[in-house]
Amino acid sequence: MSNSISNFTIRCVVLVLIVGWPKMSAVDCRDETYECALQQVRDGQFSTAVQALENLVNRTPVDLRLLNLLGIALTGIHESEKANARFLEAISIDPSFYPALKNLAINEFNVGQRNLAEFHFQGVLELQPTDEIAHFYLGEIAFDTENWDLAVLHYENSRNKVFDNPGTMLRYSTCLLRLEMFQEAVSVLDRLTADQAEPHFEAGALLGKVGRYAEAAEHFGLSAEGYSDRYSALYNQVLMLVRGSMYSEAIEASERLFEGGYRRAELYNLVSEAYLGNHQLQQAYDALRSATQVDPKHEKSYGDLISLCMGFSNFQLGLDIANVGIHHLPSSYRLHVQRGVMQAKLGRLNEAQKDFQYAAELSPQEPLPHATLAIALMQQGALNEAIVSLREQLQANPDYFLSRYLLGEALVRSGVGASGAASDQALEAFETAVRLHPDFAPARVSLGKLLLKRDEIDAAIEHLEIAMALQPDESAPIYQLARAYQRQGDAGRARELMARVRVLAEKRRNETMDSVLRDVIKESRSQVH
Amino acid sequence: MSGASRLSDRWRGTAAVLCSVLLLTISEAQRASAIIVFTDISEAAGIRFVHYNAASEEKYLIETMGSGCGWIDYNGDALMDLYLVNGTATHVHQPEIIPTSSLYRNNGDGTFLDVTEQAAVGAEGLFGMGVAVGDYDNDGLQDLFVAGYDRSILYRNNGHGSFSDETALAGVSNAGRWGSSAAWFDYDRDGRLDLIIANYVDWTPEGNVRCGNPGEEYRAYCHPDTYSGQSPTLYLNQGQGRFKDVTKSSLLSLSRASGLGVITFDYDRDGWQDIFIANDAMANSLFRNNGDGTFEEVAYTSGIALSEDGKAEAGMGTDAADTNGNGWMDVFVTHLDFEHDRLYRNLRQGAYEDGTFAAKLGYATFNYSGFGTKFFDYDNDGSKDLFIANGHILDNIHLYHAEVTYAEQNLLYKNDGTGRFSKASTSVRGDLKQHFVSRGAAVADFDNDGDIDVLVSNNGQPAQLLRNDGGNRNHWLQIQLVGKESNRDGVGARVKVVAGDLTQYDERKGGTSYQSAQDPRLHFGLGHRVIVDSIEVTWPSGLREVFHSLESNRTIIIEEGMGTGVGVP
């Protein structure tokens with residue numbers, strides 16, 4: 001960015017000079033005249049111009065035009081301090097001579113004196129409120145300070161200056177995206193020309209970050225032909241299409257990569273994700289197998305896919321993937337944990353417990369396997385064992401919020417009442433979990449529930465309100481909150497919250513119905529074929 | 001021991017009872033350490049019934065939801081006879097012999113005789129689900145209501161061992177609805193038993209859809225959310241054998257849900273019978289009786305609708321009991337596996353809280369799919385224990401969850417007297433752990449030996465009669481209520497029994513469990529206590545009367561108005 005701004009600055013200084021002075025057709029530059037010096041500056045003969053202009057200034061030291069042109073010529077030979085002195089001389093003679101003030105500000109901007117530059121550009125705008133260059137630079141300054149609103153205001157007032165440079169267009173778009181003016185940003189980036197491959201790539205990245213996946217994919221696609229790393233451009237295009245659930249388009253786009261001879265594990269993983277999204281399970285699985293053949297030791301690939309299977313509730317495929325991963329990476333505790341989760345989701349609690357146990361042995365210092373093992377023990381009804389295991393683990397990792405939360409849960413589920421030592425321990429465990437991870441809603445819900453049991457209703461409400469804000473679509477915090485308000489005597493609020501719980505329950509019912517109907521339609525289609 | 005002793009005029013004024021005492025020869029120490037055995041005697045007892053579920057590749061939902069079982073002393077000999085509900089042929093499954101539901105007469109010697117044909121209670125052609133037993137015409141004879149898919153049947157007991165189908169005359173066919181469980185109760189306290197039916201969903205053979213993962217072997221019974229729920233049906237007994245459908249005027253029609261289990265009881269102790277329904281995958285329903293012929297659905301506000309996580313679970317069977325001795329009825333609901341069966345503690349003032357974990361029942365049931373359930377004191381120690389009949393809903397569940405099976409073992413939990421439960425595995429032996437696809441569960445002291453036996457109906461399988469051997473080592477008292485101004489069965493009566501340091505409460509509830517009917521006699525274990533200091537009965541009519549100094553190990557009959565009245569509230 002700094003290079004492009006610097007080049008642009010020089011051009012602007014010259015522009016400031018030229019505006020209002022039409023180019024002369026023929027000048028005899030054997031004489032030391034203003035016109036001759038002006039032509040030399042235009043021709044880039046800054047040193048010659050400086051010499052002539054200094055002589056002229058010595059003769060007429062209060063000529064504003066000469067001082068300004070001398071400043072510009074000095075800027076051209078990188079004598080910024082001397083140039084600024086000349087601009088200041090002009091301003092001191094006539095404070096309303098804004099061309100010198102503007103040139104001064106540009107030079108200050110260019111040498112990193114942003115505060116001075118900002119001050120002087122604002123001075124320019126006081127004299128000439130519609131000055132596009134001043135607005136442009138003030139836009140750049142506001143961008144650097146992440147003042148998105150102000151930047152957009154100045155960029156807009158700079159009129160088309162912002163579109164002279166793709167870098168500025170990207171910055172302008174960034175501001176718009178930060179202000180969630182998505183459509184405006186997309187429109188700005190649409191003005192990038194086809195040959196601007198690098199900016200297209202950056203545009204894709206910008207839009208992808210804010211979830212405008214379709215537009216991001218388009219820019220990555222446009223960048224592919226001229227971008228220095230063609231694979232990255234096309235890979236990102238596929239990635240954006242997958243993130244945007246445009247699975248068929250992603251599969252189609254990936255063909256360009258495969259045709260280009262690219263055979264990389266991450267690409268196969270990505271395509272597998274697209275196939276899964278498209279409910280083409282066999283193809284997803286085949287792609288995964290290709291990925292593992294290309295790079296069988298890439299642990300994260302397996303984890304990503306297992307997470308994806310979890311999202312699609314395809315636990316069997318998740319289990320198959322974990323098995324492949326463990327075959328290649330038998331010492332991966334993460335893969336054992338992930339396989340255990342899949343086993344648990346398939347109802348194979350004994351097998352799940354074995355995986356968690358083994359993961360804990362593989363990486364005794366890691367708290368996650370111990371936490372999952374505790375969950376498995378709890379589900380098997382072995383609450384005391386879970387409590388012992390969690391307490392041991394907390395000695396090694398006292399700040400692991402999940403273990404704290406699970407300890408509280410295990411204590412509560414073993415039957416602790418509203419009071420007593422065990423109840424106090426559960427309370428402390430939940431409070432610590434909340435302190436360690438304030439955004440972990442389940443801990444707040446459990447804390448709220450326990451506080452309710454202990455008749456600490458106000459405190460319970462406080463935690464449950466936060467939990468509800470964190471998980472607005474989860475019924476647990478809303479239901480408990482309704483109960484709390486009911487006990488507090490706020491029947492209206494309790495009724496309102498109960499109504500929300502009912503709506504959520506109905507929504508889940510409808511989801512089941514929709515799912516069945518989808519299956520029925522798919523079944524009937526397969527029968528027709 | 002045999003039968004019951006009828007309380008007579010000798011009770012009046014003196015408030016004393018002359019009952020014989022079954023002298024027990026074992027010591028208290030022996031009693032405490034004794035092993036109790038539940039023996040499946042169904043085959044030896046001559047119970048040949050095998051449930052027909054019409055299982056087909058079409059996976060009709062009705063195939064896996066039934067059926068129930070019940071106890072009925074149909075011939076008035078003080079011996080509990082049993083009734084087993086059956087399925088029937090469907091469009092896609094036609095057996096060679098059309099199955100029927102079955103009535104077995106208790107011969108009093110440990111054997112039973114199939115008297116279905118003579119009694120004419122086979123419910124031919126009905127895909128039966130539940131059974132409810134009650135004397136709806138107050139003639140002293142127990143009548144039968146069989147709830148089923150698309151219609152139901154009311155059998156009126158004629159006496160002399162036969163019944164007649166009075167469905168049409170009574171107007172209780174529940175036509176077009178899938179009746180699951182039913183309960184007799186007197187919601188308007190006019191002395192006549194009314195009828196509530198928990199209806200399930202609007203499934204039809206024509207509307208049957210394919211559910212489950214791709215692949216024919218993965219085809220599965222559909223989740224109930226696939227279909228719309230049905231409102232319960234309430235029939236008001238108008239006398240003269242006629243009923244009126246008051247579902248709409250009672251406001252019950254406002255609630256449409258997938259009802260399976262039902263209890264009628266007085267949860268808020270205001271003297272009016274309320275209704276609780278366990279709904280499958282929907283919030284439970286608690287209908288508070290307003291006392292003016294209408295009900296208000298209060299499950300959400302009372303805290304009994306959902307789990308503590310605010311989730312609707314797969315409610316199946318249900319029962320209510322005072323599990324911690326505070327005099328208020330807690331409610332238990334069974335659910336499918338990977339959900340917790342829930343115990344809702346009654347906090348009084350119409351409020352419940354999910355007390356599952358506090359009762360130590362959380363993970364005890366997590367891996368089982370519970371259906372029928374019943375609180376009863378299997379060892380007569382003075383606290384209500386808990387029986388759960390289990391069996392999965394999917395016959396191919398092993399394809400989905402390798403460690404889960406269609407047939408499961410049943411569970412028995414012992415109450416420590418404070419409402420905390422533990423598995424009764426150390427002191428109980430026998431056939432409880434056999435794996436069946438259990439649905440209904442009904443308890444009764446069928447051999448009148450003072451301990452409670454268990455009848456379990458199994459989907460597509462033989463029924464089990466689990467005889468309790470050894471539960472009577474502790475002392476006990478059994479009470480048969482006979483209403484006069486109140487309904488003759490005394491349904492809705494509240495009973496308080498005090499024996500030394502032990503105080504127990506129970507109610508003559510309607511319904512309970514899953515599609516099943518219970519021994520109408522109230523059973524109280526007494527532990528080592530030989531004498532019952534007092535029995536206080538509050539009748540549905542409002543009459544409250546007490547009886548003092550009763551000896552244990554007896555079944556007594558208490559007729560309304562024969563005791564010492566202590567005031568009408």
Side-chain angles (χ1 to χ4, degrees), chain A residues 281 315-316 343 345-352 377-383 409 412-418 445 449 452-453 474-483 486-487 491 494-495 497-502 504-506 508-513 515-517 519-520 522-524 526, chain B residues 208-214 219 222-229 257-258 281-283 299-303 305-312 337-338 340 347 351-367 397-405 418-423:
Chain A
L281 297 186
F315 308 121
Q316 187 56 53
Q343 302 271 29
K345 296 302 283 184
L346 288 164
R348 300 169 189 167
L349 297 181
N350 290 329
E351 296 302 313
L377 288 168
M378 285 164 68
Q379 293 205 334
Q380 300 277 44
L383 289 161
E409 279 296 306
V412 165
R413 290 172 187 227
S414 66
V416 304
V445 174
K449 277 194 284 194
L452 267 183
K453 272 189 186 151
E474 268 298 314
S475 50
I478 309 174
Y479 181 70
Q480 286 297 328
L481 197 54
R483 305 276 296 159
Q486 195 174 22
R487 284 178 58 180
R495 268 198 305 275
L497 291 166
M498 280 299 183
R500 283 178 64 179
V501 175
R502 281 176 195 257
L504 283 174
E506 192 57 31
R508 291 206 176 91
R509 253 180 76 75
N510 290 335
E511 283 169 0
T512 307
M513 281 183 178
S515 159
V516 170
L517 289 173
D519 288 347
V520 169
K522 275 169 76 175
E523 181 76 6
S524 62
S526 65
Chain B
N208 192 52
V209 296
R210 189 200 185 285
C211 295
N213 288 349
R219 182 165 186 175
C222 287
H223 191 278
D225 285 354
T226 314
Y227 307 99
S228 297
S258 42
M282 293 182 76
Y300 273 92
T301 52
S302 65
L306 306 167
S307 72
E308 65 173 0
D309 293 326
K311 301 255 175 18
D337 59 342
F338 301 107
H340 303 281
L347 302 177
Y352 280 90
E353 73 170 6
D354 184 345
T356 306
F357 292 114
K360 294 188 175 288
L361 285 168
Y363 286 105
T365 62
F366 190 66
N367 295 318
I397 184 62
H398 58 285
L399 297 177
Y400 289 87
H401 288 178
E403 291 173 7
V404 184
T405 55
T418 68
R420 288 180 166 228
F421 293 81
S422 59
K423 213 167 190 172

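Quick caveat: nothing in here was measured; it's all calculated off a predicted structure. By convention in this document, chain letters (A, B, ...) are assigned in the order of the sequence lines, proteins followed by strands, and residues within each chain are numbered from 1.
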Can you check side chain to side chain contact (heavy atoms under 4.5 Å, CB included) on B:Asp309 and A:Lys449, steps first, answer last? CA-CA 10 Å; B:Asp309 293 326; A:Lys449 277 194 284 194; 3.1 Å; yes
When the 4.5 angstrom heavy-atom criterion is applied to B:Thr365 and chain A, the contacting part is neither
Counting only heavy atoms closer than 4.5 Å, note whether B:Thr301 contacts chain A via side chain, backbone, both or neither. both
Just give me the residue among [options] that pairs up with chain B most often, heavy atom to heavy atom, under 4.5 Å.
| options | answer |
| --- | --- |
| A:Gly415, A:Gly381, A:Ala482 | A:Gly415 |
| A:Ala491, A:Ser414, A:Ala382, A:Gly417 | A:Ser414 |
| A:Gln379, A:Arg495, A:Gln486 | A:Gln379 |

Please identify each residue that fulfils salt bridge (Lys or Arg N to Asp or Glu O under 4.0 Å) with A:Glu351, with sequence neighbours left out. A:Lys354
Using the test salt bridge (Lys or Arg N to Asp or Glu O under 4.0 Å), find all partners of A:Arg348 that sit at least two apart in sequence or belong to another chain.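 Partners of A:Arg348 by the salt bridge (Lys or Arg N to Asp or Glu O under 4.0 Å) criterion come out as none, since no residue qualifies.
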Is chain B contacted by the side chain of A:Leu349, its backbone, both, or neither, given a heavy-atom distance below 4.5 Å? both
Is it the side chain or the backbone of A:Gln316 that comes within 4.5 Å of chain B heavy atoms, both, or neither? neither
Can you tell which of [options] has the highest number of heavy-atom pairs within less than 4.5 Å of chain A?
| options | result |
| --- | --- |
| B:Gly310, B:Ser307, B:Ala351 | B:Gly310 |
| B:Gly303, B:Ala312, B:Gly362 | B:Gly303 |
| B:Val404, B:Ile397, B:Asn367 | B:Asn367 |

Atom [atom1] of [X] and atom [atom2] of [Y]: how far apart are they, to the nearest 0.5 Å?
| X | Y | atom1 | atom2 | result |
| --- | --- | --- | --- | --- |
| A:Gln480 | B:Asp354 | CD | CG | 8.5 Å |
| A:Lys453 | B:Glu353 | NZ | CD | 6.0 Å |
| B:Tyr352 | A:Arg483 | OH | CZ | 11.5 Å |

Please check: side-chain N/O of A:Arg502 versus main-chain N/O of B:Tyr300, any donor-acceptor pairing under 3.5 Å?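 Checked: no pair found.
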Can you confirm whether more than 12 heavy atoms, excluding those of B:Lys360, are under 6.0 Å from its NZ atom? yes
Locate the shortest heavy-atom distance separating A:Val412 from B:Phe357; write the atom from each residue and the value. O-CB, 3.7 Å
